[in-house]
Amino acid sequence: MTDLLDQPLTQLAWYTAVKSKSAPVERLGIRTWRDLLEHYPRRLEDRTRFARFPNGATSQPVCLRGIVRKVYSRFVRGRKIVE
């Protein structure tokens, strides 16, 4: 009898084969429940505190928030650029 943790994620009703081909979990090599439970993030960023916009270079990651007032899109050499 196989361990339940070694069953493939594709056996889940909500995880269809179509989703699995391009799913981020597949790109990370996560194929079983065990793989999913044993996958840990590389780093942790506290996104609950927002600092002021830095005046200079900083070695620490900074989380900023703002309001997007206008969005423009245009094509350059056949590629869509969004500003």
Side-chain angles (χ1 to χ4, degrees):
M1 183 169 151
T2 61
D3 190 1
L4 292 176
L5 291 177
D6 293 324
Q7 290 183 353
L9 291 175
T10 54
Q11 291 183 348
L12 299 171
W14 54 268
Y15 192 83
T16 64
V18 174
K19 288 181 184 175
S20 69
K21 289 183 196 257
S22 64
V25 292
E26 279 291 316
R27 290 194 300 266
L28 293 171
I30 300 172
R31 292 176 180 81
T32 65
W33 279 101
R34 184 179 308 281
D35 295 340
L36 185 62
L37 291 172
E38 293 177 349
H39 179 75
Y40 302 105
R42 288 184 293 185
R43 65 178 186 263
L44 174 67
E45 293 181 8
D46 182 5
R47 295 186 178 190
T48 60
R49 297 181 304 147
F50 294 94
R52 292 186 161 271
F53 196 85
N55 292 330
T58 176
S59 61
Q60 296 292 330
V62 178
C63 186
L64 303 171
R65 66 177 165 188
I67 297 172
V68 177
R69 299 209 184 259
K70 289 186 180 180
V71 176
Y72 299 99
S73 64
R74 59 189 171 109
F75 285 92
V76 176
R77 295 187 204 113
R79 299 182 75 193
K80 187 175 183 178
I81 305 294
V82 179
E83 299 178 305

Response to the item:
Between Val68 and Val71 the two heavy atoms that sit nearest each other are CG1-CG2, 3.6 Å

Discussion item. Let me confirm one number: the OG1-CG distance from Thr32 to Leu4, rounded to the nearest 0.5 Å.
Written reply: 11.5 Å

Worksheet item: Out of curiosity, does Ile30 fall in the hydrophobic cluster containing Leu37 (side-chain heavy atoms, cut-off under 4.5 Å, transitive links)?
Response: yes

Worksheet item: Is Leu9 close to Trp33 at the side-chain level, that is, under 4.5 Å between some pair of heavy atoms?
Response: yes

Worksheet item: What closest approach, in Å, do Gly29 and Asp35 show between heavy atoms, and which atom pair accounts for it?
Response: O-OD2, 3.7 Å

